[in-house]
> 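Take this structure, written in structure tokens, and hold onto it; I'll ask about it next.
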Amino acid sequence: MRTPNARRALGATSALLLLPALFTGAMTGSAAAAPPTAPATAEHADTAPASAPATCGTARPITRKLPGGTTWTMCWRISGTKGLVLEKIAYQPKKEPKPITVLASAALAQVDVPYDSGSVEYNDLSDIGFGNTAVDIGPAECPGGAISSAYIPQQGQNVKALCVTTAPHGYAYRNDDYDAHGNAKRYTAQGSDLVVFSVSQLGWYEYVTQWNFSDDGTITAKVGATGDLSPSDYSGQGTGWPIGKGNHDRATSHYHSVFWRLNFDLDGSSRAKVEQYDTGKAGRGSGAAILKTTRTPVTKELAATSALRRWWRVVSTAGRNSDQHPRSWELVQQHSDHYDAHAYTSKDLYVTQYRACEQLAGGNSDPACAGRGTSVDKWVDGETLTHPVMWVNVGFHHIPRDEDQTPMPLHWQGFQLVPRDVTAMSPLTPDALAGNNGRGH
């Protein structure tokens, strides 16, 4: 249950999940704590789209050039409700003359946790807040990185709330080819990520809000849960999964529906297009089935579920790569068990027309949105999309196991934004292969 406990009287428990931990990145600027006079962040305040690098205002900057030559810049702040908020995110591959803006803002938008027993349900952001429950990050948790503090009004103190570090993520590429003289040549490199994360403690559970920014342009959003299974969730009445000796201490199963809100700023413009792609069978060829991919422009607000061979991308109206292809960012989703007992958690993706007051996917209480409902499903009402905001829902049904104790291994859930035609070739292409663009090579 989420009743206060000796570990943290402020919090309530929740069993969130996280994605794999790929670390990267380091932060510019002072790691000194923000003074108690630091202004509180308004939940309805998005930063205006602006070309990077841009001033961060009351937020603070992050800049990191990765070993492969890619530079990421952004601003960060801690919201009492959302926790870590990133703004003015821009990406500059080594051969691009200037930064390419991607997102005006990116943050969690709700974590809904209903229990299978039907006894309780929690909305961790609107009920408690990930920033309100931020905890100190120690040097061992941020290897080779920089830790920065933020003043948390709910706690009345500065908290070492942000880690920015850099870490390898394995192969960037491998290719057995030939050099300009016809000699056999192996081209291979290891990749790296900028990693930015914060940690919140809600009751017995500890949540990691993490963003990975890769040298190939991929953005990975993930949330992870660790800590302990709450003893108050145990039952000897035959419900849940037995994790104690014999048939006692059954831990109650529960859901985690994690939402993210993405406000795009592609090439410095909020006026983006959204497209849906579906691939289906269209007959039989001489050697295999014929598959046909169709593109559907998403011109009106959308509430959608994932399907086999279905994906979406957000397309820039302001920028093209050197091949004259429109730049875009593709949503790559992980497996998701969406929670179908609520309307708003029953979809995997929403795309809505921008409104500053629409900040949380559930439990949205901004007075400026009065009369529009408190959840994202209510906002999909057929409005034409000119400034699209994407809401990504990743659901996980957590059936506890013996191995979840103790401490509980991290559970991860999340998604990726992958560059599609942002650059004419891979941003990591070695100079010797730079001419291999299309069939011309």
> Is any side-chain heavy atom of I290 less than 4.5 Å from a side-chain heavy atom of K281?
no
> Sub-3.5 Å donor-acceptor pair from the side chain of N321 to the main-chain atoms of H325, do we have one?
yes
> Can you tell me if K94 and T70 form a side-chain donor-acceptor pair at under 3.5 Å?
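Per modelled atom types, K94 and T70 side chains form no pair under 3.5 Å.
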> Taking atom types as modelled and ignoring hydrogens, do the side chains of H335 and D337 form a donor-acceptor contact shorter than 3.5 angstrom?
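A pair is found: one side chain offers a donor N or O, the other an acceptor, under 3.5 Å apart.
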> Just by modelled atom types, is the G240 backbone N or O under 3.5 Å from a matching donor or acceptor in the R250 side chain?
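Checking the backbone N and O of G240 against the side chain of R250, a donor-acceptor pair under 3.5 Å is found.
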> Rounded to the nearest 0.5 Å, what's the gap from CZ on R313 to CZ on R295? Could you check?
7.5 Å
> In this structure, are over 12 heavy atoms from other groups packed under 6.0 Å from R271 atom CZ?
no
> Where is the tightest heavy-atom contact between W260 and A221, given as atom of each residue plus distance?
NE1-CB, 3.8 Å
> Between the side chain of T101 and the main-chain N/O of G268, is any donor-acceptor distance below 3.5 Å?
yes
> Any donor-acceptor pair under 3.5 Å linking the side-chain atoms of D404 with those of H398?
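Judged by distance alone, the side chains do pair up.
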> When rounded to the nearest 0.5 angstrom, what is the spacing between CD in Q110 and OG1 in T374?
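Going from the CD atom of Q110 to the OG1 atom of T374 covers 10.0 Å.
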> Between OG of S336 and NZ of K347, what distance do you get to the nearest 0.5 Å?
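Answer rounded to 0.5 Å: 12.5 Å.
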> Run L262 and W329 through side chain to side chain contact (heavy atoms under 4.5 Å, CB included) and show every step you take.
CA-CA 12 Å; L262 306 174; W329 294 80; over 6 Å; no
> Closer than 3.5 angstrom, by distance alone: can the side chain of Q413 be matched with the main-chain N or O of V394 as a donor-acceptor pair?
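Here the side-chain-to-backbone pair exists.
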> Given 3.5 Å as the limit, does a donor-acceptor pair link the side chain of S79 with the main chain of T81, or not?
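Yes.
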> So, the side chain of S148 versus the backbone of L162: is there a donor-acceptor pair under 3.5 Å, distance only?
no
> Side chains of T133 and Q201 only: does a donor on one sit below 3.5 Å from an acceptor on the other?
no
> Which is it for I78 and I152 under the side chain to side chain contact (heavy atoms under 4.5 Å, CB included) test, yes or no, and what are the steps along the way?
CA-CA 8 Å; I78 299 294; I152 308 299; 3.9 Å; yes
> Ignoring hydrogens and angles, tell me if any N or O in the side chain of S346 forms a donor-acceptor pair with the backbone of A343 under 3.5 Å.
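Checked: pair present.
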> How far apart are the closest heavy atoms of A150 and A161, and which atoms are they?
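Taking A150 first and A161 second, the nearest heavy atoms are CB-CB, 4.4 Å.
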> If we ignore hydrogens and angles and just use 3.5 Å, is the side chain of K273 paired with the main-chain N or O of T317 as donor and acceptor?
no
> Judged by atom type as modelled, is there a donor-acceptor pair below 3.5 Å linking the side chain of D278 to the main-chain atoms of T294?
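Side chain of D278 to backbone of T294, a donor-acceptor pair under 3.5 Å: no, none is there.
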> A side-chain contact here means heavy atoms from C-beta on lying under 4.5 Å apart; do S253 and P400 qualify?
yes
> Checking side chain to side chain contact (heavy atoms under 4.5 Å, CB included) for the pair N364/Q359: CA distance, chi angles, key distance, verdict?
CA-CA 7 Å; N364 194 78; Q359 292 290 317; 3.9 Å; yes
> Please list all pairs meeting disulfide (SG to SG under 2.5 Å) that have one or both residues in residues 360-403, counting only residues at least two apart or in different chains.
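For residues 360-403: C357-C369.
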> Set out, in order, the CA-CA distance, both residues' side-chain angles and the distance that settles side chain to side chain contact (heavy atoms under 4.5 Å, CB included) for S257 and N393, then state yes or no.
CA-CA 7 Å; S257 294; N393 173 27; 3.8 Å; yes
> Does the plane of the ring in Y354 sit parallel, tilted or perpendicular to the ring in H387? Use 30° and 60° as the thresholds.
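Y354 vs H387 ring planes: parallel.
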> Can a salt bridge be assigned to the pair K160 and E141 using a cut-off of 4.0 Å between side-chain N and carboxylate O?
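No.
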> Step by step, work out the side-chain hydrogen bond (donor to acceptor under 3.5 Å, both in side chains) result for S105 and E87.
CA-CA 4 Å; S105 64; E87 299 168 329; 5.9 Å; no
> Please give me the minimum heavy-atom distance between Y205 and S230, naming the atom from each residue.
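Between these two residues, the closest heavy atoms are OH-N, 3.8 Å.
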> Mind checking whether L84 and W211 have side chains closer than 4.5 Å, heavy atoms only?
yes
> Among F197, W72, Y91, which one satisfies ring pair (Phe, Tyr, Trp, His ring centres under 6.0 Å) with F213?
W72
> Taking the side chain as every heavy atom from C-beta outward, state whether L108 and F130 have any pair of such atoms under 4.5 Å apart.
yes
> Would you give the length of the straight line joining atom CG of L410 to atom CD of Q210, rounded to the nearest 0.5 angstrom?
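Here the interatomic distance stands at 9.0 Å.
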> In Å, rounded to the nearest 0.5 Å, how long is the span from CG of L194 to OG1 of T63?
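These two atoms lie 9.5 Å from each other.
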> Kindly give the heavy-atom pair with the smallest separation between V274 and P388, and that separation in Å.
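Smallest interatomic distance, heavy atoms only, reads CG2-CB, 3.8 Å.
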> Is there side-chain contact between V376 and E358, with heavy atoms separated by less than 4.5 Å?
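With C-beta onward as the side chain, the pair stays apart.
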> Test: ring-ring contact (aromatic ring centres under 6.0 Å, His included). Region: residues 300-322. Which pairs qualify, not counting sequence neighbours?
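ring-ring contact (aromatic ring centres under 6.0 Å, His included) check on residues 300-322 returns Y277-W311.
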> Which atom names give the shortest non-hydrogen contact between A134 and Q155, and what distance separates them?
O-NE2, 2.9 Å
> Is the closest side-chain heavy-atom distance between T209 and K82 below 4.5 Å?
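With C-beta onward as the side chain, the pair stays apart.
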> For this output row, return yes or no: ring centroids of W391 and W379 closer than 6.0 angstrom.
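Ring centres of W379 and W391 closer than 6.0 Å.
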> Which is it for Q353 and T386 under the side-chain hydrogen bond (donor to acceptor under 3.5 Å, both in side chains) test, yes or no, and what are the steps along the way?
CA-CA 7 Å; Q353 175 67 3; T386 58; 2.7 Å; yes
> Measure the shortest side-chain to side-chain distance between K222 and Q334 over non-hydrogen atoms and say whether it is less than 4.5 angstrom.
no
> May I ask you to decide if the ring planes of F259 and Y344 are parallel, tilted or perpendicular, using 30° and 60° as cut-offs?
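Ring orientation, 0 to 90° scale: parallel.
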> Compute whether any side-chain donor of one residue and acceptor of the other, for T345 and D112, lie under 3.5 angstrom apart.
no
> Testing E301, M390, K378 one by one against T352 for a side chain to side chain contact (heavy atoms under 4.5 Å, CB included), which residue passes?
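Output: one option passes, namely E301.
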> Parallel under 30°, tilted from 30 to 60°, perpendicular over 60°: which one fits the rings of Y339 and H342?
perpendicular
> Atom CG of D267 and atom CZ of R327: how far apart are they, to the nearest 0.5 Å?
4.5 Å
> Restricting to non-hydrogen atoms, name the atom on P93 and the atom on T423 that form the minimum distance, rounded to 0.1 Å.
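P93 and T423 have their closest heavy atoms at CG-CG2, 3.8 Å.
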> Counting N and O atoms only, with roles assigned by atom type, does the side chain of S270 sit under 3.5 Å from a partner on the main chain of D265, one being a donor and the other an acceptor?
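Between the backbone of D265 and the side chain of S270 there is no qualifying donor-acceptor contact (under 3.5 Å).
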> Using side-chain heavy atoms (C-beta onward) and a distance below 4.5 Å, is D215 in contact with H169?
yes
